[in-house]
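Here is the structure we will look at, set down as structure tokens.
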Amino acid sequence: MGFDDLYTYVVNSFAKSVYDLISGSCSKVSFDDVVSYVEEPSRREYGDLALPLHRLSKVCGIGFNEFLRLVSGLRLNDLFSRSEVVGGYLNAFFDEVNYARALSDLIKSRGERYGFVDDARKLKVIIEFVSANPVHPLHIGSGRNAVLGDFLSRVFEVRGHRVQRRYYVNDLGRQVAVLVYGYIKLGRPEVPNGLKPDEWFGFLYAVTNTIVDIVRLRGELSSLGIGDDAYLTKQSELDELMGVLSELRLKDESLVNRLLEEISADEDPEGSIEELMRMYEEGRPEVKEVFRYVAGKVLSGINSTLSRLGISFDKLDWESDLVFSGMVKEVLEIAKRSDFFTSHKGAPALDFSKIQRDQSVKSLLKLPKSIEIPPLILMRSDGTTLYVTKDIAYSLMKFRDFNADLVINVVGNEQTLAQAQLRLALYTLGFKDEASKLLHYSYELVTLPGIKMSGRRGRYVSVDQVLDGLEVRVEEIMKSRGIVVEDRVKKAIAVGAFKYMMLSSSSTKVINFDPDAALNLNRNSAPYLQYTYARASSVLRKYGRDIEWDLIDFTSARNPVRREILHLVSKFPYIVRKVYEDLDPELLTTYLNRLADVFNSWYDVEPIIHEVDEGVKQFKLFLTYSVGVVIKNGLYVMGIDVLERI
RNA sequence: GGGCCCGUAGCUCAGCCAGGAUAGAGCGCCGGCCUUCGGAGCCGGAGGUCCCGGGUUCAAAUCCCGGCGGGCCCGCCA
């Protein structure tokens, strides 16, 4: 049969049969409408597919009883055994024997590629993700970004598209300048032996930031009268920062003290930092060298964390290169010629007030329903550029470089407004097409119970720490069973558990990261799926030969649990398509978990390779193989490795 | 003040966009199953004002309006 998605095929053929019956008397309903009404019954005893008839008859404007008469002539193809009307629903049942045969043909021909179906049109897609500032290690929030971005990349790839993964290095912002400032004050030492560079620089960054703030607060206090409200507020702020500094001292007292001394000697630390930013942006070689050195070191640390996760990038794009290459200047020139160009308090800006209420623009750019978008300042008065201006240049570069059909930015929900401004800016600069092809894939933060995370204060849980904890946990579990776990296996399980956690809840929801819950390796987790795969794989390995597809006795499908496995397995290509269309990873985790549950229940009650009837045995092997392939391919999309043995 | 997101079992979350049958999982809790292919498993049980109030509908966790609670954003920061 010429399809690679059996489930979608039967849904369509069910809908087609109904549509053919009613289209004569009902012109208001299209075939696609009928398809969209098809649902899965809440319980299997109601069938495999169902149509709510009240709804259809209503849309058609036909009385319910008359509608029933119309539908009573329903004839379905041989993938169905029967249909019936119950409680206002038209329920259809798969003929499990024919259905199993069709599925086995499909899986036999698709093999290990089952579920991955190319789209008709091949797109070139750029996915920008992580893009964490190179000032500290990846924390779990960036970890969520990394896992989501890699997931998106994989979804597009398995649908046959060309994907480029990119990381935007924000080296021109204040953050890197602060770190560089502290690094210079410290006398530009080497990273101490044995420390991960991102970890050490992250510490230095937090110390520098905190001290700079302390020095500033002290200055402000000295100009205020004791007892003022403002004085008290600042005093308590200062107290808090001193507390942070004592925390940081615990890690490396001499470094903190040295830095405190050096920075206190600087009359204007903030000014020095701004001076550094300016010099870097001008491209002064001696300054550029330090910035690149520091950012590069931190990036190398971030990169090793990412490679633990099995995530890599095709390109690193340095923000500073956009300025050095003149692209940012180019954007400013184009902006000056734009009808939307304005001067906002003396600074060059774009004013969106004319078009932001335009419905066609709003829907083209997918702008938030009702949002007041303030003017976008393009350049500081001192001539240095701003983040968003550089982001405009960067967006154009992405489209030009790769001739991309779609650019996805995986960026936190807190930047919704900035991302909307970016699309509007592109639009008003005349890049309407690019603006419409830019997608903000938004996600929520990861919070920790009881802790307010802050990179500036050195309070965060890093991805490395979480992975380390997970690896220890895996080792403990194995040890308690008297098994010495292979390093490779331990890592795959830890990484899987982490990714699953990040992908199993909707990206619009805050993840309350509970370290203890993260260590759970039971059901509804990647380790559970990996375990189930290893189980299936082990059965096939014990059998030791290829499946004899021609010997399969398909009448064995007449059994509720086996039938349910068939139903679920057949749904996999449809699920992958849905995940691709909606870009919702949690659909996949829910589905895979359900499949594993059913398989494990079945596994527990029926022998597979000890089955005496050869035809039945081949059928069971076919089920086992199919479940294995689906779990493997499903986990692949999530970036999780399966294991043949655990 | 305005905007965006979230609110479903003690806890963590699917389901909501495209309304439909008795609202589903996991953790935790209670009770069973280790001489058969891998017990990270299986079987059973308790546990719900789907935040609240209106509205639309034959039908609302789902759509609309108004509240409440939590998070975030509204900068010549990124």
Side-chain angles (χ1 to χ4, degrees), chain A residues 33 36-37 39 41-43 45-46 50-55 57-58 64 86-89 91 131 133 170 172-176 319 344-349 368-374 377-388 390-391 411-418 420 442 444-445 447 474 477-478 481 493 501 504-506 508-514 516-518 520-525 527-532 534-543 582 584 586-587 589-591 593-594 596-597 600-611 620 624 645-646:
Chain A
D33 291 334
S36 76
Y37 293 158
E39 58 188 63
S42 50
R43 283 181 297 166
E45 61 192 86
Y46 290 137
L51 265 172
L53 296 177
H54 283 290
R55 190 170 169 184
S57 71
K58 193 181 167 190
F64 187 67
V86 175
Y89 284 88
N91 295 329
S131 300
N133 284 318
N170 291 128
L172 277 184
R174 214 187 108 88
Q175 299 197 37
V176 176
E319 184 183 20
H344 187 79
K345 295 175 189 165
K369 270 172 274 178
S370 48
I371 189 169
E372 199 65 40
I373 300 181
I377 313 275
L378 295 168
M379 196 170 77
R380 292 192 189 94
S381 309
D382 71 354
T384 56
T385 50
L386 284 157
Y387 174 81
V388 194
K390 286 172 283 196
D391 214 5
V411 173
N413 165 64
E414 74 276 9
Q415 291 197 47
T416 302
L417 178 64
S442 158
E444 267 292 354
L445 305 173
T447 60
V474 172
I477 291 179
M478 297 301 246
R481 291 186 217 162
I493 293 172
M501 205 158 43
S504 58
S505 80
S506 167
T508 58
K509 285 193 180 177
V510 175
I511 291 181
N512 295 299
F513 190 88
D514 178 351
D516 293 330
N520 166 39
L521 308 181
N522 295 332
R523 296 170 67 170
N524 197 11
S525 72
Y528 173 63
L529 296 176
Q530 287 168 317
Y531 173 78
T532 305
R535 216 178 204 190
S537 182
S538 155
V539 171
L540 295 173
R541 194 167 49 239
K542 287 233 162 66
Y543 176 65
D582 298 349
D584 281 343
E586 68 274 16
L587 285 176
T589 57
T590 306
Y591 164 82
N593 209 50
R594 164 90 184 129
D597 284 348
N600 281 321
S601 301
W602 175 65
Y603 174 91
D604 207 60
V605 293
E606 289 197 24
I608 300 167
I609 55 179
H610 298 312
E611 167 63 51
K620 289 177 168 182
T624 307
R645 298 166 207 266
I646 290 181

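Only this structure's heavy atoms are used, side chains among them; waters, hydrogens and symmetry mates stay out. Lettering follows sequence order; numbering is per chain, from 1.
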Write down the distance between [atom1] ([X]) and [atom2] ([N]), rounded to a whole number of angstrom.
X	N	atom1	atom2	answer
A:Tyr528	B:rA40	OH	P	12 Å
A:Trp602	B:rC37	CH2	P	15 Å
A:Met501	B:rG26	CE	C1'	14 Å

Handout entry: For A:Asp604, all residues meeting salt bridge (charged side-chain N to carboxylate O under 4.0 Å, His left out), sequence neighbours excluded
Key = none
Name all residues meeting the side chain to side chain donor-acceptor pair (under 3.5 Å) criterion together with [X]; count only those two or more places apart in sequence or in a different chain, and write none if there are none.
X	value
A:Gln530	none
A:Thr385	A:Glu281
A:Tyr603	none
A:Asn524	A:Tyr500

At less than 4.0 Å, is any side-chain N or O atom of [X] found next to OP1 or OP2 of [N]? Yes or no.
X	N	answer
A:Arg535	B:rG39	yes
A:Arg55	B:rG19	yes
A:Asn522	B:rA40	no
A:Lys542	B:rG38	yes
A:Thr416	B:rC4	no

Please give the nucleotide sitting opposite [N] as a Watson-Crick or G-U wobble pair, both distances under 3.5 Å, or none.
N	value
B:rG24	B:rC13
B:rA40	none
B:rC63	B:rG55
B:rG1	B:rC74

Practice task
Using the test side-chain contact (heavy atoms from CB on, under 4.5 Å), find all partners of A:Arg523 that sit at least two apart in sequence or belong to another chain.
Solution key: A:Tyr528, A:Asp597
Practice task
Could you say whether the aromatic ring of A:Tyr46 and the base of B:rA21 stack, counting only centre distances under 5.5 Å and plane angles under 30°?
Solution key: yes
For nucleotides 10-14 of chain B, give me every protein contact, N/O to N/O, under 3.5 Å, one pair per line with atom names.
unit_1, atom_1, unit_2, atom_2, d
B:rC13, OP1, A:Val510, O, 3.4
B:rA14, OP1, A:Ser506, N, 2.4
B:rA14, OP2, A:Lys509, NZ, 2.4
B:rA14, O2', A:Thr590, OG1, 2.8

Practice task
Quote, to the nearest angstrom, the C1' distance that separates B:rC13 from B:rC50.
Solution key: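 Pairwise C1' distance, B:rC13 against B:rC50, rounds to 13 Å.
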Practice task
Write down the distance separating the P atoms in B:rG54 and B:rA18, rounded off to the nearest Å.
Solution key: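 About 26 Å, rounded to a whole number of Å.
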Problem - Selection from B:rC5, B:rC37, B:rC58 that lies nearest to any side-chain heavy atom of A:His54 - result: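 Output: B:rC58.
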Practice task
Enter syn or anti for the glycosidic conformation of B:rC42, syn applying to angles within 90° of 0.
Solution key: anti
Shorter than 3.5 Å, N or O on both sides, protein versus nucleotides 75-78 of chain B: list them out with atom names.
unit_1, atom_1, unit_2, atom_2, d
B:rC76, O2, A:Ser381, N, 2.6
B:rC76, O2, A:Ser381, OG, 3.2
B:rC76, N3, A:Ser381, OG, 2.2
B:rC76, N4, A:Lys345, O, 2.7
B:rC76, N4, A:Ser381, OG, 3.2
B:rC77, OP2, A:Arg380, NE, 2.4
B:rC77, OP2, A:Arg380, NH2, 2.9
B:rA78, OP1, A:Arg380, NH2, 3.0
B:rA78, OP2, A:Tyr387, N, 3.1
B:rA78, O2', A:Asn133, ND2, 3.4

Completion exercise
Residues at least two apart in sequence or cross-chain that pass ring-ring contact (aromatic ring centres under 6.0 Å, His included) with A:His54, listed by chain then number, are A:Phe64
